[in-house]
Amino acid sequence: MASHKHPPARKKGKKAPQKKTEKQNATCKSGTRDTSPAMKSATSGISVRTARILLILSVACMLLFSLTVLFMPFTGNQLRDGIQTPTLIVGSLFWGAILIASLLQILLAVRRPPKFDRSQWNKKLPKPLRFNRTSTGLVVFMLWILALAGLITSLILTNYHGFICYVFLSILIFLSQMLFVCNGKIFEYVTQNK
């Protein structure tokens, strides 16, 4: 008689979690309840083409920001003559360009394209200092060294008053910004996924 007894009730309880797990797996496969970071990144990320457009616009704003330095001697002379309009225009371009470039870079960082491969990044150095990550970043770094040497030389030869000083300063500012851009993950991802 004892051999014909039903199995203990707790064995039935073991099947219930399995059914629940299968139901949860079904909902995860359907994508209705998957809230993992990877899923959020895939749904909220922007396309590579959009990232490329935003990156180009950001670089254009950085270039405009750097070019405003060339007009500073002219605006200074106009301001001394009592003419404030050129100074207001150059100042608006100066702050507007750097503000838009910064907002675009923040947008690219927040809404970055999905499927980034972060395992290849060397985490021993800060990203702006990883000049060997891309060939473009290495070229920009070499140009930055030349621009810095040119600025120092022009300052010495012209006694801080030559227009060539503003030219090298403008180039140096632009290359300094490009060091961060060309050695960043967004730039590498966009250039490798055309």
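Each residue takes its place number in the sequence, starting with 1. A quick note: this is a predicted structure, and the numbers were derived from the prediction, not measured.
Contact annotation: the side chain of M62 approaches that of Q105 to within less than 4.5 Å [non-hydrogen atoms, C-beta and beyond]. Considering only heavy atoms from C-beta on, T153 comes within 4.5 Å of L157 through its side chain. Proximity of L93 to L64: side-chain heavy atoms (C-beta onward) are separated by under 4.5 Å at one or more points. Put simply, the side chain of I171 does not reach to within 4.5 Å of the side chain of L146, judged on heavy atoms. You'll find the side chain of F65 stays beyond 4.5 Å of the side chain of L99, heavy atoms only. Inter-residue side-chain proximity for M178 and W144 is flagged as unmet; no heavy-atom pair is nearer than 4.5 Å.
Residues F180 and L103 do not share a hydrophobic cluster, clusters being chains of Ile/Leu/Val/Met/Phe/Trp/Tyr side chains in contact below 4.5 Å. In terms of hydrophobic clustering, with Ile, Leu, Val, Met, Phe, Trp and Tyr side chains grouped at heavy-atom distances under 4.5 Å, W95 and I89 are assigned to different clusters. If you chain together hydrophobic residues whose side chains sit under 4.5 Å apart, V167 and I152 fall into the same group. Each of V48 and I56 belongs to its own hydrophobic cluster when Ile, Leu, Val, Met, Phe, Trp and Tyr are linked at side-chain heavy-atom distances under 4.5 angstrom. Note on L88: it does not cluster hydrophobically with F71, by side-chain heavy-atom contacts below 4.5 Å among ILVMFWY residues.
Residues A51 and V190 share a closest heavy-atom pair of CB-CG2, 3.9 Å. Heavy atoms only, all atoms of each residue included: I100 and C61 are closest at CG2-SG, 3.6 Å. Looking at every heavy atom in both residues, L155 comes nearest to C165 through CD2-SG, 3.7 Å. When all heavy atoms of V69 and L169 are compared, the pair lying nearest together is CG1-CD2, 3.8 Å. Here the shortest heavy-atom pairing between P86 and I83 reads CD-CG2, 3.5 Å. The minimum heavy-atom distance between L70 and S170, with the atom names listed, is CD2-CB, 3.9 Å.
With values rounded to the nearest 0.5 angstrom, L67 atom CG is found 10.0 Å from I173 atom CD1. Taking CG from N183 and CZ from F141, the interatomic distance works out to 9.5 Å, rounded to the nearest 0.5 Å. The line from OG1 of T87 to CD of Q84 is 7.0 Å long, rounded to the nearest 0.5 Å. Summarising the geometry, atom CG belonging to L104 is positioned 12.0 Å from atom CD1 belonging to I186; distances are rounded to the nearest 0.5 Å. A distance of 11.0 Å separates CG in L172 from CG in L143, rounded to the nearest 0.5 Å. Atom CD1 of I106 and atom OG of S58 lie 10.0 Å apart (nearest 0.5 Å).
Listed for the T75 side chain is a donor-acceptor partner under 3.5 Å among the backbone atoms of M72. Side chain of S66 to main chain of F174: a donor-acceptor pair is present (N/O by atom type, distance under 3.5 Å, no hydrogens or angles).
With sequence neighbours excluded, no residue forms a side chain to side chain donor-acceptor pair (under 3.5 Å) with S92.
Within 6.0 Å of CZ on F187 lie more than 12 heavy atoms contributed by other residues, nucleotides or ligands.
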Problem - L54/I46 under side chain to side chain contact (heavy atoms under 4.5 Å, CB included): CA gap, chis, key distance, verdict - result: CA-CA 10 Å; L54 294 178; I46 58 179; 4.0 Å; yes
